[in-house]
Number of protein chains: 2
Amino acid sequence: MKIAAAPAENQIDVSTHYIRDTIRDAIVDRRLAPGTKLSEADVGALFNVSRTLVRGALQALSYEGLVNVEKNRGAFVAYPSPEEARQIFATRRMIEPGILREAAKHIDPSHLQHLRQLLMEEGRLINERGQTARRAEIKASGDFHLMLASMTGNAVMQRFMDELVARSSLVIALYGQSAISSCGHQEHQDIVTAIERKDIEHACKLIVHHIDHIEADLDMRENRGSDLREAFRL
Amino acid sequence: MKIAAAPAENQIDVSTHYIRDTIRDAIVDRRLAPGTKLSEADVGALFNVSRTLVRGALQALSYEGLVNVEKNRGAFVAYPSPEEARQIFATRRMIEPGILREAAKHIDPSHLQHLRQLLMEEGRLINERGQTARRAEIKASGDFHLMLASMTGNAVMQRFMDELVARSSLVIALYGQSAISSCGHQEHQDIVTAIERKDIEHACKLIVHHIDHIEADLDMRENRGSDLREAFRL
DNA sequence: CATCAATCGATCGTATACAATTTCACCATC
DNA sequence: GATGGTGAAATTGTATACGATCGATTGATG
């Protein structure tokens, strides 16, 4: 399978960071399918850089859990197992109530306004059709949770949530049913409402159930499609 | 300053992982002081490998927050600012109660036995003197929290805690008062007792206060010693 | 016809070479 | 004596070279 990534972009200063971010976006947006091989030479050719920089980017993505690097075999877009997916959502359930309680301490009106704005954008996307809108919807849903994390003013936690949201997007793209639940949007609204009322404990309950619902909407049977092969690899 | 790291170890297959782990241990154990420059050539010479592998290891450590890589200047052992230190502990307060609640769901008698064993080891170290014992004590204290994380059976969360504990150790080594509080050990015991009684909510309160106490025992004034310089860098 | 071994091609792992940048010493100047 | 500029040395950034490993194809053999 050929990789459909960004063009060479001769003008831009192509660094490891740029390559990493570009590939990450492509993975999270599902323009790169899980399991796709990311050959160092191919990626390097696409960006007009040597394998050295590509390796750096792939290594970084492997730390983030978006790419699996197999020794002497190469790098592949992550294909999270159902167990891995469960752990990602379990981790979010462990973390996000804590984020909400901490965010509540630092909240100010502009935060609430920004949250409401995100919700409106989200609502707009739900009514659109097509794959592009679907991708944007998944991204917007993640942005909502990232916004909550950013309200804590805690860069360490934000990085953790960045990773969790990115990996969640990958999981949703992989195992999501075509009949996507638009109730997620309603749940986001309910959470903001609870925050506005300063009923943080209720917001915590809501967000845990929300994560439950996201997970419940997935169909995580093994061996979807053709990739028996990955199933047997280490 | 010369680096006092592991010898060349000609026999061992020295990979990026090995280098990363060795440097990480040295940082967390404070055999490498914060701010120490990790020159690629020097480190490579110590391990008898080329700069290629060293760069990989340093990049990995930078992702973990134990090393700062500054473009065109090199890699330095992280020198966490007070603000960064506060964020690390704040993150732990957000996460660890969630870990406790999740761990409680998966608990079995062997876990409790292992916890008690860690506590005994910890108690033994408190009564020893010397820098070696101090290092071991900091490490043991971290291991207690890592054990709780491992009880969740969640690899994603475990990795987050690995990072947080390692960075905490660095912070404690940096800002810790010489008069270390041995009440941390008592607090660990109280937490285990609460878990044994299945009073998880109490254990959560205890662990949050415990983290508060660790943080309160630090002296996080800026500009300790000479390093104005770091203060102005990006 | 199936199975297994040898070989070849492709890809990765690591070292090395060269370019770009920073650092530091030295010297001129005020 | 302090300041500022110049050039060499040291260090990092990136590309390339070469050896090692893996996978597939081919051909021999039962």
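In what follows, chains are A, B, ... by sequence order, proteins preceding strands, each numbered from 1.
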(request) Only counting residues at least two apart or in another chain, list the ones meeting ring-ring contact (aromatic ring centres under 6.0 Å, His included) with B:Phe89. (result) none
(request) List for me each residue that meets side chain to side chain donor-acceptor pair (under 3.5 Å) alongside B:Gln59, sequence neighbours excluded, and say none if there are none. (result) none
(message) Suppose we screen for side chain to side chain donor-acceptor pair (under 3.5 Å). Which residues come up paired with A:His106, at least two apart in sequence or across chains?
(response) A:Glu102
(request) Under the side chain to side chain donor-acceptor pair (under 3.5 Å) rule, collect the residues that match up with A:Thr132, sequence neighbours excluded. (result) none
(message) Run the side chain to side chain donor-acceptor pair (under 3.5 Å) test against A:Arg93 and tell me which residues pass, sequence neighbours left out.
(response) A:Asp212, A:Glu215
(request) Assign a letter to each nucleotide of nucleotides 8-18 of chain D from its 5' end: B, base within under 4.0 Å of a protein heavy atom; S, sugar-phosphate only; -, no contact. (result) ---SBBBBBB-
